[in-house]
Amino acid sequence: MAKNLVIVESPAKAKTIEKILGNDYDVRSCFGHIRDLEKDAMGIDINNNFKPKYIIPDDKEKVVKELRKMAKDTDEVWLATDEDREGEAISWHLCEVLGLDPYSTKRIVFHEITKPAIERAVQQPRLVNMDLVNAQQARRILDRIVGFELSPVLWRKMSMRNSLSAGRVQSVAVRLIVEREREINAFKSVSTFKVEAYFTAKDINGKSVTFKAEGPSRFKSAEDAEKFLQQCVGAAYSVRDIQVKPSRKTPAAPFTTSTLQQEASRKLGYSVSKTMLLAQKLYESGQITYMRTDSVNLSETAMTDLKAAIIKNYGEKYHQERKFKNKNESAQEAHEAIRPTYAANQTVEDSDTKKLYELIWKRTLASQMADAELEKTTAKIAISTNPEELTASGEVLKFDGFLKLYLEGRDDEDETDEEEQEGSLPLLAVKQQLDLREMRATERFSRPAPRYTEASLVKKLEELGIGRPSTYAPTITTVQKRGYVEKRDKEGVKRTFRILTLKKDKITQAEDQENTGAEKAKLFPTDLGMIVTDFLNQYFNSVMDYNFTARIEGEFDEIASGKKVWNNMLKDFYNPFHKDVENTLENAERVKGERQLGVDEATGKPIVARMGRYGPMIQIGKVEDEEKPRFAKLKPTQSIETITLDEAMELFRLPRNLGQFEDQDVTVNIGRFGPYAQHDKKFYSLKKEMDPYTVELDEVAPLIAEKRAAKDERTIKIFEKEKIQVLRGPYGPYLKVGLKNYKLPKEKLEHPEQLTVEECKAIIEEAKANPPKKKAPPRKKKAE
DNA sequence: CAGTGAGCGAGCTTCCGCTTGACTT
């Protein structure tokens, strides 16, 4: 046992630091928080000044036990958790649990895992900062109160299924998506006409090249555009003025969690959870620094390392030292930016993480590289018959600088002309006459703000100071798991647009088609998400306010700096909040999310879209009517808010009988698990692209035959009487009895077809006698 | 696995932020 025990949060970090500190130090990890509020009675004694009751969660017992033992056998314990609010609290909890005195135990901090930083830290120990700890306790308790008082309100007041949830972070995330969707639904697109003229001129080599110039402004109507073209008939064009301006581009800061998620989404198409999973792998294998960070800072040693790599690869000219400042006020900067551990490693072998690593490597190096230098040329072109002018602009890259490696992506889609790369212009002279090849006025439509992607939502949350690097990915998973939000694609619709062309002094009009509104992997609110958001907005306006988190963060800061007492802050929040909760429980109506669609022509009964126990549906007639109402489920992409009466009536066409296959009826319907076909008493899920409303027998019949064959293939053996199946799955052969699966012992994996009934029964008995340990997530009994 | 949709009441759910594995059909 070494003389010193150093406790950090992450095990990968522990390994590195142990190497740096040498033999006198044992470095161990506590794996994050080791205590949390008890769940009973919220774990808070509200009437006793919000006194928290902490427990050690089951999955932390083991590590706490080990740390206790080590702490007892060592001379000195050093608390080296992260230098932020949560880290400070973890240190305090460690004191409490390990029996250390917070007023004498050594607390050390460092922002980077480098030898000088750690050695410096060890020489300057301090004590646990109780003000900061109290700020964390206030944060924790407030989140618990909000979550555990709001969620039960939803259970009581929503007429849909249970296990709904609300919280300071997730509810605002859903609100953002709901409001964006409504903005899009309400958006009225207007069209304008954009004029582009194509000229030819001789370049330096005497070669004839074509370039583009833009019209003076966008025209509101086809008539106005035509009038302009008309005025250009017979005109001569000449260069009136040329401006040449140098410009520069600057590299983006190195990655934080949020910007890494954004770029991996834009450039590699990764979901935020995939990005984090791969980054974790890179971190654990020592390839990159810590991946949950809000800091853009690079350590001194990293800067030196990067400089060397840049100079070696690209030369002195390409290096430029830069320090980046964080724009985000809520940043706590306990770590460095995300960077490669060794700048010399351009890539990694592992094919899974290769792309992400290279992205990080390029971004980090680029951040220490020289500006790109450009030359922007703008030529004004006069029209002899018209006082208006055309503008041609071109850009030439004089020095690539950081662009050699990396250019940050953008969120706006490149559907329109706006983002067209500016090409280069031929060398023009003032007064030079230009030949017009043609001039076009093209109709363009304004577009609503795009729906959020996972990554652009993270960006927005970070801007609002809501959530932390460690929670962005889990929050996005939660709102999807709760059924408030769905990630999906949307097909575009065809739209016709007009083009007026002036060519050889003649104006012609044509039409063309474009695809618009197509979106990939975007976040859509569900009806449930909208209804819950409306409800929370109505009754808990203050918590749903986009500035709520920023405001209370300010108060946490005051607690951290000793200007405010944490219990008082909580009291000021709790009293009005709890009153709202009680008022809502007492007075709010149960929410059904009902919307009137019209009247059924055949029966005169009212038709409504509303939320049922099993999701959004259409109802014809009322429950109290003599004749029972008719019900139909909405399609997955439909929404209560936007469905039309005609679309609603369409839904009543199911179930459909498609005709006969092998002398049996084939019917299609939509069930609990999506669209399916039924044939010979068996069920077959329809393929994604098959629409149960339009699918035909000749599409479904092969599916039935194919699925039957696939099932035969998976089946190795069946013991009919005992109802034991031996099946082949993606993890190898296994046993299936009813809904339960059983693993085969290793020695049976080779020849599963030789298994006997007795052997199978023995395996099952064995498994039942030694049930697999279910630890962290307790299995839910009911689906959903 | 694939019929539902009212209302009652039992017994359940739930938060955010710090960290990794265990597990999967």
Side-chain angles (χ1 to χ4, degrees), chain A residues 8-13 29-37 39 42-43 59-60 63 81-82 84-87 89-90 93 136 139-155 159-171 280 284 292 334 466-472 474-475 478 482 549 592 610-619 623-624 628-633 655 667-678 682-685 714 727-736 739-743 772-777 779-783:
Chain A
V8 298
E9 293 181 40
S10 150
K13 218 191 243 183
S29 138
C30 67
F31 297 85
H33 275 294
I34 48 151
R35 291 206 301 182
D36 193 15
L37 294 171
K39 295 214 168 170
M42 296 203 299
D59 56 337
K60 290 290 162 68
V63 65
T81 53
D82 296 348
D84 57 17
R85 201 163 61 203
E86 299 297 325
I90 292 173
H93 281 297
Q136 192 276 344
R139 197 283 303 156
R140 179 68 192 92
I141 293 169
L142 184 137
D143 279 337
R144 171 55 70 81
I145 290 171
V146 171
F148 274 40
E149 291 214 359
L150 280 190
S151 300
V153 175
L154 296 181
W155 306 340
S159 53
M160 12 312 174
R161 54 198 187 138
N162 47 15
S163 83
L164 297 177
S165 68
R168 174 176 60 81
V169 173
Q170 59 169 280
S171 296
Q280 178 91 31
E284 283 172 9
R292 289 185 277 262
I466 300 173
R468 302 280 311 133
S470 68
T471 60
Y472 294 137
T475 299
T478 300
R482 295 270 173 274
T549 291
K592 283 198 230 155
R610 71 174 178 91
M611 207 63 181
R613 275 217 293 158
Y614 307 101
M617 61 174 194
I618 305 294
Q619 180 178 340
V623 180
E624 48 290 6
K628 268 196 154 185
R630 295 173 65 203
F631 299 103
K633 216 173 168 168
T667 58
V668 291
N669 202 355
I670 298 178
R672 204 146 95 74
F673 306 98
Y676 66 93
Q678 197 172 5
K682 290 196 187 79
F683 298 98
Y684 302 88
S685 289
R714 273 209 319 273
L727 301 176
R728 201 185 306 283
Y731 306 99
Y734 65 102
L735 298 183
K736 190 182 180 83
L739 283 178
K740 285 215 154 189
N741 300 320
Y742 300 92
K743 261 186 175 163
K773 276 174 259 167
K774 283 180 216 163
K775 261 195 189 165
R779 276 274 177 102
K780 286 194 178 170
K781 278 181 192 138
K782 271 189 181 173

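Proteins come first, then strands; the chains are lettered A, B, ... in the order of their sequence lines, and each starts at number 1.
Residue Gly615(A) is in base contact, counting any heavy-atom pair closer than 4.0 Å across all strands shown. At a threshold of 4.0 angstrom between heavy atoms, the contacts of Gly32(A) include nucleobase atoms, whether or not backbone atoms are also involved. Ala166(A) comes within contact range of the sugar-phosphate backbone alone, with a heavy-atom separation under 4.0 Å but no base atom that close. As judged by a 4.0 angstrom heavy-atom cut-off over every strand, Asp82(A) is placed among residues touching the sugar-phosphate backbone only. Counting any heavy atom pair closer than 4.0 Å across all strands shown, Arg168(A) reaches sugar-phosphate atoms only and no base atom. When heavy atoms are screened at a 4.0 angstrom cut-off, Pro11(A) is found touching the sugar-phosphate backbone but no base atom. Gln170(A) comes within 4.0 angstrom of the backbone, heavy atoms only, and of no base.
Taking 4.0 angstrom as the limit, Ser151(A) places none of its side-chain polar atoms (N or O) nearer than this to OP1 or OP2 of dC15(B). Phosphate proximity of dT19(B) to Ser10(A): absent, as no side-chain N or O sits under 4.0 Å from OP1 or OP2. The phosphate of dT14(B) has OP1 or OP2 within less than 4.0 Å of a side-chain N or O from Arg482(A). Applying the 4.0 Å criterion to OP1 and OP2 of dG3(B), one finds that Tyr614(A) has every side-chain N and O outside that range. Close to dT19(B), at under 4.0 Å from its OP1 or OP2, lies a side-chain N or O of Arg292(A). Contact annotation: Thr471(A) side-chain N/O to dG17(B) OP1/OP2 distance is under 4.0 Å. In terms of phosphate contacts, Gln280(A) brings a side-chain nitrogen or oxygen within less than 4.0 Å of OP1 or OP2 of dT20(B).
Taking 4.0 Å as the cut-off between side-chain N and carboxylate O, Arg144(A) and Glu149(A) do not count as a salt-bridged pair.
No donor-acceptor contact under 3.5 Å links the side chain of Arg468(A) to the base of dC18(B).
Between dT20(B), dC18(B), dA6(B), one nucleotide has an atom nearer to the side chain of Phe31(A) than all others, and that is dT20(B). Comparing dA2(B), dC16(B), dT14(B) by their closest approach to the side chain of Ser165(A) singles out dT14(B). Considering only side-chain atoms of Arg140(A), the nucleotide from dC15(B), dT20(B), dG17(B) that sits closest is dC15(B). Candidate nucleotides dT14(B), dT25(B), dC16(B) were compared by shortest atom distance to the side chain of Phe148(A), and dT14(B) ranks first. The side chain of Trp155(A) has dT13(B) as its nearest neighbour among dT13(B), dT19(B), dG5(B). Residue Ser685(A) has its side chain nearest to dA2(B) when only dA2(B), dT20(B), dA6(B) are considered. The side chain of Glu9(A) lies closest to dC18(B) when the candidates are dA2(B), dC18(B), dT25(B). Taking only side-chain atoms of Arg610(A), from C-beta outward, the nucleotide of dG17(B), dT19(B), dG5(B) with the closest atom is dG5(B).
The shortest side-chain heavy-atom distance between Asp36(A) and Arg140(A) falls under the 4.5 Å cut-off. Taking the side chain as every heavy atom from C-beta outward, Gln619(A) and Arg630(A) never approach each other to under 4.5 Å.
Residues Met617(A) and Pro733(A) both approach DNA chain B. Their nearest nucleotides, taken by heavy-atom distance, put Met617(A) toward the 5′ side.
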query = So what does the secondary structure string of DNA chain B come out as, 5' to 3', with Watson-Crick or wobble pairs under 3.5 angstrom, [ ] for crossing and | for pairs with another strand?
reply = .........................
